[in-house]
Amino acid sequence: MSRFNRQGGGILKAPSKMTDTNLLTTITVCVFLIMYLGAIIFLGEGFLKPQAFFNILNANAALIILSCGMSLVMITGGIDISVGGVTALVAMSCAVFLDEKGGSVPVAILIAIGIGLAFGIVQGYLVAYLEIQPFIVTLAGMFFARGMTTIVHTDPFNVSNPDFVALKDSRIVIPFLGSTNRKGIFVPAKVELGVVVALLVAALLFFALKWTKTGRNFYAVGGNRQSALMLGVNVKRTTFLSHVICGLLAGVGGFVYFMHVGSGSPQHASGAEMNAIASSIIGGTMLTGGVGNIIGTVFGVLALALIQNIVSSVGLDDAWWTGITVAGMLCIFLVVQSIIIARRKKRDLSAANKKPGSKEKAAAS
Amino acid sequence: MPSNALKPPKTSKIPNIFRNQIFIPIAALLILAVFNLIADPTFFRITLDQNSNGDPVLNGYIITVIDYGSELAILALGMTLVTAASGGQDISVGAGIAIAGSVLLRVLCGADSRSAELQAPIIVGFLASCLVAMIFGAFNGSLVAFFKIQPMVATLILFTAGRSIAAWINHNELPIVSDETFSYFGNYIPGIPVPTPFFIAVACFIIMWALLKFTTLGLYVQSVGINEKTSRLNGLNPELIKLLTYVILGVCVAIAGFIKVSRLSTINYSVIAKDIEMDAILAVALGGNALSGGKFSMGSSILGAYVIQFLTTTLYKFDVKSDALPAYKAVVVILLVIMSAPAVREKLSRLAKKLHPAKAAAENS
């Protein structure tokens with residue numbers, strides 16, 4: 001990582017160049033802002049209302065949580081494609097528990113977290129300690145979760161548990177942000193509880209990754225397993241931990257998703273894992289590991305949601321346009337990323353060749 | 001298996017069979033066969049019946065396996081090459097089948113989705129779909145080869161957009177081919193009791209076998225998969241070879257799409273070949289091929305594909321709902337993967353040595 005590329009001997013200087021992580025994050029944030037500005041200018045006032053922004057947040061709170069977990073696993077160099085299936089399973093289990101078994105909301109939350117943790121621990125153990133490819137393990141996890149969802153309950157249904165409906169309909173009102181409607185009455189902006197959870201998770205994970213020892217270990221393991229091992233990092237435990245946290249977040253995200261939709265269905269969150277991976281990539285996380293940023297991931301989710309909103313408000317409302325635009329955006333970001341990384345590598349290499357003393361640097365980046 | 005290289009060569013024949021790659025799918029097949037034999041021997045009964053047109057057809061679960069396993073085996077051919085060369089998997093084959101099928105129907109039916117007769121010969125339609133599938137394969141391949149994007153992420157683009165593109169090609173209509181000869185390819189040719197897809201699959205196997213036997217393709221693919229840099233130093237062009245494997249997979253996708261569409265004479269964009277990418281990857285994994293690239297065994301992959309289909313058919317026979325199917329499949333897959341994990345195998349062989357110390361000593365000396 002270029003963050004650790006120090007010029008000369010042992011003198012620790014602040015990195016003068018922008019790191020890969022920060023560069024990719026900056027691109028994402030800029031693209032998001034430009035798109036939002038473009039939407040405001042060309043598509044009119046609708047996007048200027050704070051509620052329009054909060055609606056994007058409301059609809060994507062669960063995806064933010066899932067993407068955060070996904071980013072963590074991807075930073076460590078793995079992948080977890082079971083999150084969508086776990087989300088559906090959590091939603092369905094909670095729905096059945098609340099509606100048919102007459103359970104209480106706190107226990108439902110515990111169930112959600114428990115399911116997520118169970119998936120995380122089993123998958124993490126298989127990946128980290130039995131050294132099976134993460135893709136295969138989590139693929140089986142996805143299959144299992146999707147199948148279990150149908151076994152728990154076959155048909156989609158709405159939950160009518162009064163406690164849960166109250167929780168689902170509760171909104172946090174932001175009094176100083178809002179807009180005046182046609183009648184001239186000021187309507188304050190509202191956000192769902194899930195958004196608060198999502199932002200809390202993102203902030204926690206951001207701080208943990210940035211400033212705790214465990215957090216830095218994730219980057220070390222993803223960047224170079226061998227070096228991390230030699231530095232005394234417990235590689236297996238770190239990999240295990242990343243999967244456990246991802247599973248836990250899939251459970252939490254599943255409950256937030258459940259709070260948003262208020263129903264259980266085997267078709268829920270289909271393709272959520274792909275959206276989460278896409279958001280992480282757009283947010284600047286590299287699948288090779290070692291590069292990534294939670295802030296970028298959050299903006300990746302928002303950018304993905306925003307472009308879908310723009311596409312539908314331009315009038316290309318047919319279902320297939322959403323898929324094509326998301327894929328097009330993913331494609332552009334991937335190509336741009338790969339070009340940037342390739343050019344930086346070349347520049348680092350030529351810089352290293354000029355100074356014979358810093359050959360390790362080229363090898364490290 | 002990577003761990004094999006570390007072990008000293010054994011002189012006796014029996015351990016060699018256990019160490020051979022094809023052992024895993026054969027063992028899985030045997031376990032499934034024995035399970036079926038115990039649970040219900042009628043699984044293996046094959047009867048000669050007459051279908052609705054009065055033609056003789058073979059009936060039975062085994063015939064179903066051979067019939068429906070064909071597309072999977074054809075896909076496994078291409079997937080094995082892609083896995084070996086690029087160390088990653090193509091997850092867009094299901095979407096690719098939707099696109100290829102859509103193009104095929106578009107050419108055959110022309111502008112009118114309910115036309116009474118074919119607008120073009122079947123072979124023209126097939127070649128057109130082949131061409132389109134190859135172009136999409138080349139798109140995936142160039143992202144992987146030239147932009148150095150991880151295969152799973154590069155194909156994620158088409159995975160997201162593929163079914164949308166397929167719907168867009170036919171303006172979201174579902175054309176129906178009323179011509180009878182078209183349905184021969186997915187069902188039965190009158191007078192021949194064996195399903196046609198099986199013959200198509202065998203033809204593909206022979207072509208692939210000839211390709212590997214009489215050209216250097218197999219060798220080059222393995223060498224690129226094992227070490228890209230050394231292959232380049234030896235005068236190979238790794239980018240071109242990777243691209244080539246993706247184009248070959250494109251042809252396989254077109255053939256599989258042709259069979260799939262021919263079965264029903266129509267297409268459903270969101271359902272056709274759903275989850276087949278997962279099955280194809282599992283077939284490759286079950287065949288004992290390293291998913292991180294390198295050496296491969298085509299025969300094991302083909303067998304793996306039929307084992308997967310065998311498993312699916314077995315589960316269907318026991319009245320497992322098609323939605324719940326993945327859960328059982330996942331358990332089987334996880335068990336298989338755990339059994340073949342290097343860490344577990346090492347422990348097992350150590351255990352075996354403890355149980356038969358004399359034999360182990362004789363083998364080591």
Side-chain angles (χ1 to χ4, degrees), chain A residues 74 79 81-82 85 89 122-123 126 129-133 135-137 139-152 154 266-267 270-271 274-275 277-278 280-281 286-288 318-339 341-342 345, chain B residues 88-89 91-92 95 139 143 146-154 156-169 171-172 269-270 275 277-279 281-282 284-285 290-292 320-338 340-344 347:
Chain A
M74 275 163 69
I79 195 164
I81 53 173
S82 70
L89 179 59
V122 172
Q123 290 176 356
L126 292 178
Y129 292 101
L130 295 188
E131 290 169 0
I132 306 170
Q133 292 219 350
F135 183 80
I136 290 296
V137 171
L139 183 71
M142 181 182 94
F143 269 166
F144 186 72
R146 286 263 170 227
M148 278 310 283
T149 311
T150 322
I151 292 171
V152 170
T154 326
Q267 303 306 321
S270 65
M274 294 308 162
N275 277 337
I277 295 173
S280 296
I281 290 166
M286 306 269 302
L287 244 186
T288 39
D318 299 309
W320 62 75
W321 277 110
T322 319
I324 292 177
T325 33
V326 169
M329 191 164 160
L330 187 62
C331 181
I332 293 167
F333 266 87
L334 277 172
V335 170
V336 167
Q337 265 189 22
S338 104
I339 291 171
I341 298 298
K345 245 182 203 168
Chain B
Q89 288 76 36
I91 56 170
S92 70
F139 169 74
L143 283 179
F146 300 114
F147 290 102
K148 306 262 180 284
I149 301 169
Q150 299 92 331
M152 268 173 0
V153 184
L156 181 67
I157 296 171
L158 215 53
F159 176 89
T160 330
R163 289 174 196 278
S164 304
I165 295 173
W168 172 70
I169 288 171
H171 306 297
N172 220 3
Y269 306 111
S270 52
D275 291 340
E277 52 271 342
M278 307 306 177
D279 278 356
I281 296 168
L282 287 180
V284 175
L291 288 177
S292 48
V320 173
K321 274 192 222 105
S322 70
D323 289 334
L325 200 69
Y328 299 96
K329 235 186 222 176
V331 173
V332 175
V333 166
I334 280 290
L335 284 179
L336 276 170
V337 176
I338 289 176
S340 62
V344 178
K347 258 177 210 161

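Just the heavy atoms: all of them, side chains too, but no hydrogens, waters or symmetry mates, feed the values below. Throughout, a chain's letter reflects where its sequence line sits, starting with A, and its residues are numbered from 1.
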Side chain / backbone / both / neither for M142(A) at chain B, heavy atoms under 4.5 Å: side chain

Part of L139(A) lying under 4.5 Å from any heavy atom of chain B: side chain

For the student: nearest non-hydrogen atoms of P266(A) and T150(A), plus distance: CB-OG1, 4.3 Å

Distance-minimising heavy-atom pair for L143(B) and I157(B): CD1-CD1, 3.7 Å

Chain B interface, residue from Q133(A), M329(A), E131(A) that has the most non-hydrogen pairs under 4.5 Å: Q133(A)

Within 6.0 Å of NZ in K148(B), more than 12 heavy atoms from elsewhere: yes

Inter-residue atom distance Q89(B).CD - Q150(B).CD, 0.5 Å rounding: 12.5 Å

Closest non-hydrogen atom pair between A327(A) and A161(B), with its separation: CB-CB, 3.2 Å

Contacting moiety of T325(A), where chain B heavy atoms sit under 4.5 Å: neither

Contact origin within L126(A) toward chain B - heavy atom pairs under 4.5 Å: side chain

Residues forming a side-chain hydrogen bond (donor to acceptor under 3.5 Å, both in side chains) with E277(B), sequence neighbours excluded: none

Residue selection (most heavy-atom pairs with chain A, distance under 4.5 Å) from A166(B), A327(B), A330(B): A327(B)

Which portion of L158(B) sits near chain A, non-hydrogen atoms under 4.5 angstrom: neither

Engaged part of Y328(B) at the chain A interface, taking heavy atoms whose separation is under 4.5 Å: side chain

Among F146(B), F147(B), Y269(B), residue most engaged with chain A (heavy-atom pairs, under 4.5 Å): F147(B)

Minimum heavy-atom distance G85(A)-T149(A), with the two atoms named: O-OG1, 4.3 Å

